[in-house]
Amino acid sequence: MFDSVRDDIRATLEEIREAGLHKPERVIGTPQSATVAVTAGGRPGEVLNFCANNYLGLADHPEVVAAAHEALDRWGYGMASVRFICGTQEVHKELEARISGFLGQEDTILYSSCFDANGGVFETILGAEDAVISDALNHASIIDGIRLSKARRFRYANRDMADLEQQLKEATEGGARRKLIVTDGVFSMDGYVAPLAEICDLAERYDAMVMVDDSHAVGFVGPGGRGTPELHGVMDRVDIITGTLGKALGGASGGYVAARAEIVALLRQRSRPYLFSNTLAPVIAAASLKVLDLLESAGDLRERLNANTALFRSRMTEEGFDILPGDHAIAPVMIGDAAVAGRMAELLLERGVYVIGFSYPVVPQGQARIRVQLSAAHSTEDVNRAVDAFVEARAALDG
């Protein structure tokens, strides 16, 4: 049967390669850290890692690793089922309570990933008589989650409050029973931060709920690392926060929905990714609790991350690179052409800097970029070496 489609798939793969859109996967032989050892898919040897979501450098933190070892001995390897059957342990309930307290929400429900969390929200709380109003640059998991619901769909231009208000007016005039505004807290391809105060103002004016995916903010954005709602002073005005344990919070996997108590209670009863997927492994839950302990005294890590980010952005600007404005640790270096972005990433790897070129369909056509991500684990020397490598790679491309 497969023989009849094999040639078509091979042709599609070849088209991807010829367009410069092929996404190679490199194999590393070390823990995730500021430096990693590439063993396959690129220049072998130790390289500086500037493409991970390891914002606070906790992915290989000794206390996190120790907590994981202890959890394996105490709680075992996995749950082998979903939670309503036999899959809840004390460690899961403790983590949910800790996340709720940290984010200032009434309750939290854990998922195996934030993709699943976003996939489980919309169809559970919205019906055909409701409306969801989504930022145009929201993460793919939000887009897919919205597609699973029967709610009417409205889209507003990225961070455009006039357009958001227009969509809210249309949803209201269309008789929507419930209205939900959904946005990324930080847009992962650009590093731009959503204007949550203005969004909450519009939500209150038009009697809408607000949902934020804060995956690229929780842990290091805001005075206490509580994310974009804390940054903008609206922690009590956001109804639903989704996020991941796989970025700043230890870098493993797992996601959550922190929200009003009634929303979480309904998700436990009807959210399909929660009801039909194994619960988070207890070792990840226990290690995540240790991460939350560390966040209470992580001010120095956040300061170091901010300093590294400012240094990289200022030096790259001085060297004449087109870097999107902002102060987030996501620092996109705009290239334009997909093939050129891929080639520059290869040249950087040859010079000991591991980054990835992003191209369509991850970003729009003609907006290929190298998304550099800073970490508290990087030293000042690491950041300067990365900038120097960019300068050398550009010269090699031009030559």
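In this text, all values refer to a predicted model and were calculated from it rather than measured experimentally.
- The minimum heavy-atom distance linking Q105 with D239 is given by the pair OE1-O, 3.8 Å.
- A heavy-atom distance below 4.5 Å is found between the side chains of V210 and V212.
- Between the side chain of D184 and the backbone N or O of N138 there is no donor-acceptor pair closer than 3.5 Å.
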| said: Walk me through whether D190 and I330 qualify under side-chain contact (heavy atoms from CB on, under 4.5 Å). | reply: CA-CA 7 Å; D190 300 315; I330 294 172; over 6 Å; no
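- Here the OG-CD1 distance, from S134 to I143, works out to 6.5 Å after rounding to the nearest 0.5 Å.
- Taken from CG in L180 to CE in M211, the straight-line distance is 6.5 Å, to the nearest 0.5 Å.
- Residues D293 and R98 are paired through a salt bridge, judged by an N-O separation under 4.0 Å between the basic side chain and the carboxylate.
- Looking only at distances, a side-chain donor or acceptor of R313 sits under 3.5 Å from a matching main-chain atom of L324.
- The minimum heavy-atom distance between A68 and V283, with the atom names listed, is O-CG2, 3.3 Å.
- Of the possible polar contacts, one joining the E230 side chain to the G224 backbone as a donor-acceptor pair under 3.5 Å is found.
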| field | Trace of the salt bridge (Lys or Arg N to Asp or Glu O under 4.0 Å) decision for E319 with R315 | value | CA-CA 6 Å; E319 294 291 350; R315 278 214 58 202; 3.5 Å; yes
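- Residues A157 and D135 approach most closely at O-OD2, 4.1 Å, considering heavy atoms.
- More than 12 non-hydrogen atoms from other residues, nucleotides or ligands lie less than 6.0 angstrom from CZ of R268.
- When atom types are taken as modelled, the side chain of N54 and the backbone of L58 share a donor-acceptor pair closer than 3.5 angstrom.
- Taking CZ from R385 and CD from E392, the interatomic distance works out to 10.5 Å, rounded to the nearest 0.5 Å.
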| message | With side-chain contact (heavy atoms from CB on, under 4.5 Å) as the criterion, how do D213 and S141 come out once you've worked through the C-alpha distance, each side chain's angles and the decisive distance to 0.1 Å? | response | CA-CA 10 Å; D213 179 335; S141 58; 4.3 Å; yes
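- Both Y77 and L245 are part of a single hydrophobic cluster, where members link through side-chain heavy atoms under 4.5 Å apart.
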| request: Output, in order, the C-alpha distance, side-chain angles, deciding distance and verdict of side-chain contact (heavy atoms from CB on, under 4.5 Å) for L374 and F50. | output: CA-CA 6 Å; L374 285 302; F50 278 89; 3.6 Å; yes
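- Between K290 and H61, the closest side-chain pair of non-hydrogen atoms is not below 4.5 Å.
- Of the possible polar contacts, one joining the H328 side chain to the H216 backbone as a donor-acceptor pair under 3.5 Å is found.
- Follow the hydrophobic side-chain contacts under 4.5 Å out from V355 and you reach L48 in the same cluster.
- Atoms CD and CE, from Q367 and M189 in turn, are 12.0 Å apart once rounded to the nearest 0.5 Å.
- Taking 4.5 Å as the limit, some side-chain heavy atom of L196 sits within range of a side-chain heavy atom of P229.
- A donor-acceptor pair under 3.5 Å is formed between the side chain of R153 and the backbone N or O of R147.
- Heavy atoms of other residues, nucleotides or ligands lying less than 6.0 angstrom from CG of D207 number 12 at most.
- Side-chain atoms of T309 and N306 include no donor-acceptor pair closer than 3.5 Å.
- You'll find the side chain of I370 reaches within 4.5 Å of the side chain of L348, heavy atoms only.
- For the pair R351 and D388, the salt-bridge criterion is not met [side-chain N within less than 4.0 Å of a carboxylate O].
- Residue E90 qualifies as open at atom CD: its count of foreign heavy atoms under 6.0 Å is 12 or below.
- At least one donor-acceptor pair under 3.5 Å links the side chain of D130 to the backbone N or O of G127.
- Atoms CE and CG, from M344 and L397 in turn, are 4.5 Å apart once rounded to the nearest 0.5 Å.
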| request: Could you please spell out the steps behind the side-chain contact (heavy atoms from CB on, under 4.5 Å) verdict for F390 and V372? | output: CA-CA 11 Å; F390 265 95; V372 176; 3.7 Å; yes
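- R270 contributes no side-chain N or O that, together with a main-chain N or O of T124, makes up a donor-acceptor pair within less than 3.5 Å.
- The closest side-chain heavy-atom distance from L164 to D160 is not below 4.5 Å.
- Once rounded to the nearest 0.5 Å, the distance linking CG of N49 with OG of S375 reads 8.5 Å.
- The shortest heavy-atom contact between R83 and Y274 is NE-OH, 3.4 Å.
- A donor atom on one side chain and an acceptor atom on the other are found under 3.5 Å apart for Y111 and S271.
- Across every non-hydrogen atom of P282 and Q89, the tightest pair is CB-OE1, 3.1 Å.
- Residues V257 and V186 do not share a hydrophobic cluster, defined by chaining ILVMFWY side chains whose heavy atoms lie under 4.5 Å apart.
- For D382 against A377, the heavy-atom pair with the smallest separation is OD2-O, 4.3 Å.
- In this structure, the side chain of S314 engages the main chain of L311 through a donor-acceptor pair within 3.5 Å.
- A salt bridge links K93 to E96: at least one charged side-chain nitrogen sits closer than 4.0 Å to a carboxylate oxygen.
- Clustering ILVMFWY residues whenever any of their side-chain heavy atoms sit less than 4.5 angstrom apart, transitively, puts L110 in a cluster other than the one holding F84.
- No donor-acceptor pair closer than 3.5 Å links the side chain of D107 to the backbone N or O of A261.
- Under the 4.5 Å side-chain criterion, counting only non-hydrogen atoms from C-beta, V47 is in contact with V36.
- We find that R10 and E14 are not joined by a salt bridge, their nearest charged nitrogen and carboxylate oxygen being 4.0 Å or further apart.
- Checked for salt-bridge contact, R237 and D201 meet the test: a charged N lies under 4.0 Å from a carboxylate O.
- Residues L126 and R178 have side chains in contact (heavy-atom distance under 4.5 Å, counting atoms from C-beta outward).
- At least one cation-pi condition fails for R26 and Y354: the charged atom is not both under 6.0 angstrom from the six-membered ring centre and inside a 45 degree cone around its axis.
- Clustering ILVMFWY residues whenever any of their side-chain heavy atoms sit less than 4.5 angstrom apart, transitively, puts Y55 in the very cluster that holds F102.
- Here D214 does not pair with K247 in a salt bridge; the nearest charged N to carboxylate O distance is not below 4.0 Å.
- Between F115 and H139, the angle of the ring planes goes over 60°, which puts this pair in the perpendicular group of the 30/60° scheme.
- Counting heavy atoms from C-beta on, the side chains of T317 and I323 come closer than 4.5 Å.
- Side-chain contact, E165 with Y206: a donor N or O sits under 3.5 Å from an acceptor N or O.
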